Q: 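Mind looking over this structure? Questions follow.
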Protein chains: 2
Amino acid sequence: MKISSRFTIAVHILLLISIERNTRCTSEYIADSVNTNPVIIRKVMGKLKNAGMIIIHRGPGGAELLKPLVQITLLDIYRAVEVVEEGELFQIHNDPNPNCAVGANIQGVLELILLKAQDAMETILDEVTMEELVTVFSKKIG
Amino acid sequence: MKISSRFTIAVHILLLISIERNTRCTSEYIADSVNTNPVIIRKVMGKLKNAGMIIIHRGPGGAELLKPLVQITLLDIYRAVEVVEEGELFQIHNDPNPNCAVGANIQGVLELILLKAQDAMETILDEVTMEELVTVFSKKIG
DNA sequence: TGTAGTTGTAACTGTTTTGGTTACAACTAA
DNA sequence: TTAGTTGTAACCAAAACAGTTACAACTACA
């Protein structure tokens, strides 16, 4: 099981838009950097648009940020591309036998712990902003 | 995307074996409590056996714990049933364009953060032992 | 020594997700 | 008007998941 690469592709897209301000970032241009199909890029960008992060220009193509980089965390992107449903990282087996002491109580007991685990993971994502990522990249690129 | 219910099924199995010490926990008996097919149970139990957590009796059926409950954490079980590969919770898109500044560096930068996020999640699982879970259940059951 | 009951495993099914592709209508700046 | 782009539908192949049937191999016990 892996969390879909839609998430890292979305980060890639936002980085390109943020760093290459002078380039018209069309789906084709971005697809070449990500190394995938332009349609994949358009689908992901559509989700970023729905989340209010970017505006996409239809005729001439390209996109721009709608929010300051500091206000976009990795968690925001993760949510925007819907790679993991809220509170449902772990699939708990459904319909355990309610006539069994274990079956009747396991869902409630595990849910608490598993939500906590998911939350710990998502908190790390929430602590990283696109601002920080762009800074790291700017230094690398020089 | 969801982490396979193999994980919570494995916890369910270990709880049954731990709590119903006087019952011969065959795959059929357990399947009735989990509410699934006995073959599913046998497959998961096979993994718990491979991890050295239980011993399974072939002829008469049933299984017993091989480790003290304190020495089995939820992380141990999660690893035993192989629901998420080590350090690969997040799928990073492969082959980004190395001729692009973003494409050439994104993997390295993201990997660090995503490993940290995965680790935070798994740490929570590591903090819960089967001993604690059994205690919670014993109180509920009374 | 049979035999009943159980495990281990192979082989198959249907469903969902993922990543990718082709095709094309709708849009817009030049 | 048109060239280039977006948005979307409609596919495809591969993998993962959960489930099921079938059956050989095993073992306690009558």
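Residue numbers begin at 1 in each chain, while the letters A, B, ... track the order of the sequences. Just so it is clear, the model here is predicted, and its values are computed rather than measured.
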Q: Please report the distance, rounded to the nearest Å, between NZ in B:Lys2 and P in C:dT15.
A: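 Interatomic distance, NZ of B:Lys2 to P of C:dT15: 17 Å.
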
Q: Would one find more than 12 heavy atoms of other residues, nucleotides or ligands at under 6.0 Å from atom NZ of A:Lys140?
A: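 At most 12 heavy atoms, drawn from other residues, nucleotides or ligands, come within 6.0 Å of this atom.
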
Q: Could you tell me how far apart A:Arg6 (CZ) and C:dG19 (P) are, to the nearest whole angstrom?
A: 7 Å

Q: Could you tell me whether the side chain of A:Thr8 and the main chain of A:Ser5 form a donor-acceptor pair under 3.5 Å?
A: yes

Q: I'd like to know if the side chain of A:Arg42 and the backbone of A:Ser27 have a donor-acceptor N/O pair within less than 3.5 Å.
A: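 No: the side chain of A:Arg42 does not pair with the backbone of A:Ser27.
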
Q: Just by distance, do the side chain of A:Glu132 and the backbone of A:Thr129 share a donor-acceptor pair under 3.5 Å?
A: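 Flag set: sc A:Glu132 to bb A:Thr129 pair under 3.5 Å.
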
Q: How long is the line joining CE of A:Met1 and C1' of C:dT18, in whole Å?
A: 13 Å

Q: Rounded to the nearest angstrom, tell me the gap between atom CD1 in A:Ile9 and atom C1' in C:dT18.
A: 10 Å

Q: Between the side chains of A:Arg6 and A:Glu82, is the shortest nitrogen-to-carboxylate-oxygen separation below 4.0 Å, so that they form an ion pair?
A: no

Q: Do the side chains of B:Val102 and B:Pro96 get nearer than 4.5 Å, heavy atoms only?
A: no

Q: Any sub-3.5 Å donor-acceptor pair from B:Asp76's side-chain atoms to B:Thr73's backbone N or O?
A: yes

Q: Going 5' to 3' along DNA chain D, between which two nucleotides do contacts with chain B fall, using a heavy-atom cut-off of 4.0 Å?
A: D:dC17 to D:dA28

Q: Would A:His12 and A:Ser33 count as having a side-chain donor-acceptor pair, cut-off 3.5 Å?
A: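 There is such a pair (donor and acceptor under 3.5 Å, judged by atom type) between the side chains of A:His12 and A:Ser33.
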
Q: Which parts of residues 46-59 of chain B get close to DNA chain D, meaning a heavy atom less than 4.0 angstrom away?
A: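 By residue number: B:Arg58, B:Gly59.
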
Q: Are A:Glu122 and A:Arg79 close enough for a salt bridge, meaning some N to O gap below 4.0 Å?
A: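 Judged by the 4.0 Å cut-off on N to carboxylate O distance, A:Glu122 and A:Arg79 do form a salt bridge.
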
Q: Could you pick out which residue, A:Pro60 or B:Met45, lies toward the 5' side of DNA chain C when each is mapped onto its nearest nucleotide?
A: B:Met45

Q: Does A:Ala31 offer a backbone N or O that forms a donor-acceptor pair with the side chain of A:Asn35 under 3.5 Å?
A: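 Pair absent, no side-chain N/O of A:Asn35 close to backbone of A:Ala31.
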
Q: Are A:Ser5 and C:dG19 close enough that a side-chain N or O sits under 4.0 Å from OP1 or OP2?
A: yes

Q: Mapping B:Glu85 and B:Val39 onto DNA chain D by nearest heavy atom, which one lands closer to the 5' end?
A: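 On the 5' side of the pair lies B:Glu85.
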
Q: Using a heavy-atom distance cut-off of less than 4.0 Å, which residues of residues 10-38 of chain A contact DNA chain C?
A: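 Result for residues 10-38 of chain A: A:Thr36, A:Asn37, sorted by number.
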
Q: Is the side chain of B:Gln118 donor-acceptor paired with the backbone N or O of B:Leu89 at a distance under 3.5 Å, no angle test?
A: yes

Q: Specify the separation, in whole Å, of atom CZ of A:Arg42 and atom P of C:dT21.
A: 13 Å

